[in-house]
Amino acid sequence: MNVLKQTFSLVKQELRSASRTRYIVISFVFMPLLMWGLQGGLQMLVGFSLTSSQAGETIYVVNFDAGNGTYTLGDDFVADLKEASLNETKESFLFGSTINDTRYSDYTYSQLIDLTKDPEQASNVMPLIIIPLDFTVVFDSFVNLTISAPPRVELYTLPGGILGSELLQAGIGMILADEPYTRVDIKKLSYLQANTVTFPGEESAASGFGVGFIGFISVIIAVMAPAPFVSTSFAGEREKKTMESLLALPISRFNILLGKLLAGMVLVSIFAVMNMVGLLGFSFVISLADTGSEFNAAEMYAIDPTVIMLFLIGLTMFLSAFVSIGIGISIASLTKDVRSAESLYSMVMLLPSMIVGMSSMFGSLPEESFGGAGIVLYLIPWSHAIAILSKGLYPQTYASSAITGSIPGDLLLHLGYLVVIILIALFIASRVFEREGILT
Amino acid sequence: MGDNIVEMLQINNLTKKFGKRNIALDNFSLNINKGEVFGLLGPNGAGKTTLIRLLIGLIKPTSGTAKISYNGEYYDIHKDIMKIRERASLLPQEAEVYENLTAKENILYYGQIYGNMTNTEVQARTEELIDMIGLRGRENDVTKEFSGGMKRKVLVARALVMDPDLVFLDEPTTGIDILGARTVRNVIKKLSKELHKTIILTTHDLSEVGELCDRVGILVKGKLAAVGTPDELEEKFQKAGLEDVFIGLTTGEGVIEEEFLAKAKKPTLFSRILKRR
């Protein structure tokens with residue numbers, strides 16, 4: 001008996017069946033396009049609707065790098081902030097705000113931090129930009145390659161002020177994109193990092209784990225897209241009473257499971273490719289917001305879809321969706337109908353994926369959060385997919401916090417974890433599928 | 001059946017328990033000959049479907065064994081289930097077609113899964129079955145649009161695609177119209193009389209039993225209460241028809257089969273104590 005031929009026939013039938021099931025086609029083909037396009041449209045609207053979110057806002061700046069007679073890079077930066085807030089032709093997001101660099105100039109660093117942590121005082125001191133004491137020294141050393149840690153300014157914003165903090169950060173980024181901060185050929189915010197603190201007392205290593213919305217969107221659709229397939233392919237067979245006849249054929253249950261999995265892999269590959277196409281669509285939609293001026297929504301949100309980025313997006317989506325399929329098979333094999341399977345799937349999968357998604361949008365790397373305790377987040381498989389995306393796209397940003405000491409090592413670690421989870425999920429799925437009770 | 005009677009199926013003390021108390025099949029023993037159409041009767045929950053599932057390997061027996069013979073070789077359900085399935089097919093009671101496939105695709109799919117035919121052979125066999133079962137003209141229609149009877153025809157064709165030697169039909173005519181049932185019965189007759197297939201058939205339709213079956217076995221609470229031709233059973237139980245035999249055995253009314261009674265109702269310690277008193 002030709003096992004390969006049998007398995008291949010099974011894969012063909014699953015794919016044929018899937019192609020004729022509209023919900024599966026929608027999930028794997030159209031949902032990625034829709035989500036990326038919607039995200040692009042949403043961010044384009046945000047960009048159009050906001051000319052300056054800092055108008056009327058007072059931004060406090062404390063420059064510990066002040067030269068006091070000698071001109072420093074910190075002084076230069078404060079001057080650029082003030083100019084951006086006053087000069088309309090700069091078209092900065094800081095235009096209209098008031099840069100106050102005197103109010104807290106006598107405070108020590110620890111006093112400022114305490115203020116940001118005090119619920120009664122926090123709103124009086126934030127948004128706050130702190131230029132550290134050794135800003136100029138660190139910058140020069142970094143440029144001269146004598147140190148590897150990049151210089152940074154610290155930005156503290158009020159909790160919940162997502163758009164405000166983001167545009168403030170973007171406004172700062174615009175300044176950092178200019179000389180002398182770009183004496184070395186660097187990208188905006190890649191070397192001179194803004195530490196965005198959204199909760200008092202919590203510091204993050206980088207400007208968000210998971211590149212903002214991309215991580216959130218990626219996780220959610222990678223988790224939800226496989227739901228119709230696993231429900232239909234397993235619980236659906238029981239509901240529609242085709243399971244018993246299938247199991248009575250001269251093909252082992254393992255091969256049946258393998259055939260369905262291989263079909264799932266094909267669908268997930270299509271899904272990954274559609275995400276790559278979706279990302280290109282996202283970039284196109286965002287580019288429609290390009291007003292032609294130097295700084296605008298397109299400049300702020302645009303992603304340059306390089307080959308590496310597209311590959312990483314595709315890989316992340318493939319692995320995330322495949323983990324979802326692996327876990328989903330066990331869930332669907334325990335239920336007797338499609339509706340129950342989809343309900344149980346949503347209950348089990350949504351919470352951890354939302355945790356990862358929200359963390360990726362607003363939080364820092366898990367290994368840097370809550371004194372390192374945030375690493376527990378890595379128990380959830382999709383956080384590793386997001387980590388692959390983040391560290392692959394911005395290796396320099398995350399190099400200093402690499403778990404294994406290097407970005408390539410971290411990428412292998414995250415990839416290995418996903419593969420292990422997939423294998424464990426498939427093993428459990430095979431045990432569930434082997435039960436006699438699957439017939440009743 | 002002729003002089004050359006060959007045993008195809010030997011079942012020895014097959015038992016299946018679900019959990020600790022639910023004995024679905026209790027020391028079931030039976031031999032079935034090659035080319036025989038054997039009817040299994042019994043009330044709901046008697047163990048008919050359990051027996052078939054055990055023989056095709058969908059579930060494992062608690063104890064006992066069964067062997068199926070193909071070309072002089074015996075295959076044990078414990079060890080050779082894939083070999084058994086290569087030559088046996090099952091049409092379950094609650095089977096359904098793949099509704100998003102056409103009738104032809106449904107049959108082709110199973111033919112390809114069996115794997116012992118080339119694609120050309122599978123195609124040819126599919127066409128043959130479409131004609132045999134009366135699906136010509138609808139073979140390229142998606143089965144979602146089919147009536148219950150049409151779907152059952154597709155299922156029968158699907159079960160026969162690999163030309164099995166042994167066919168398990170679990171209530172093949174249940175839920176279909178008279179014409180559809182007639183077609184299915186004609187197919188069963190052809191399989192038996194012309195093609196000499198061995199068929200094990202479960203049904204609630206006693207007229208079907210009389211029309212199709214060479215022998216009948218009556219299952220009651222997991223035990224084989226009686227086995228024989230319809231005429232033999234009527235004579236043995238002194239009943240006018242198979243229906244009365246069936247009712248008598250399942251309800252205990254007017255049963256004269258002492259051996260069965262003795263087996264069915266083993267005295268417990270409590271009842272023995274009561275009798276002594």
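Just so you know, these numbers come straight off a predicted model, no measurement behind them. Naming: A, B, ... by sequence-line order, numbering from 1 per chain.
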Within the supplied structure, the quantity of interest is the number of heavy atoms (other residues, nucleotides, ligands) at a distance under 6.0 Å from [X] [atom1]; does it exceed 12?
X	atom1	result
B/Y74	OH	yes
B/K151	NZ	yes
B/Y70	OH	yes

Region of [X] that comes under 4.5 Å of a non-hydrogen atom in chain A:
X	answer
B/K60	both
B/I56	side chain
B/F18	side chain
B/V142	neither

Locate the shortest heavy-atom distance separating [X] from [Y]; write the atom from each residue and the value.
X	Y	answer
A/Q6	B/Y114	NE2-O, 4.1 Å
A/K241	B/E94	CB-O, 2.8 Å
A/K5	B/N119	CE-OD1, 4.3 Å

I'd like to check [X] versus [Y] (side-chain heavy atoms, cut-off strictly below 4.5 Å). Are they in contact?
X	Y	result
B/R85	A/I251	no
B/E99	A/T242	no
B/Q112	A/K12	yes
A/L249	B/Y109	no

Max heavy-atom pairs within cutoff under 4.5 Å with chain A, candidates B/L108, B/L101, B/L91, goes to B/L101

Kindly indicate, with the supporting measurements, whether the criterion side-chain contact (heavy atoms from CB on, under 4.5 Å) is fulfilled by A/E244 and B/R53. CA-CA 9 Å; A/E244 189 169 358; B/R53 285 178 174 174; 2.8 Å; yes

So side-chain hydrogen bond (donor to acceptor under 3.5 Å, both in side chains) across residues 248-263 of chain A, not counting sequence neighbours, yields A/T7-A/N255, A/E14-A/K260, A/S233-A/K260, A/E237-A/K260, A/S252-A/N255

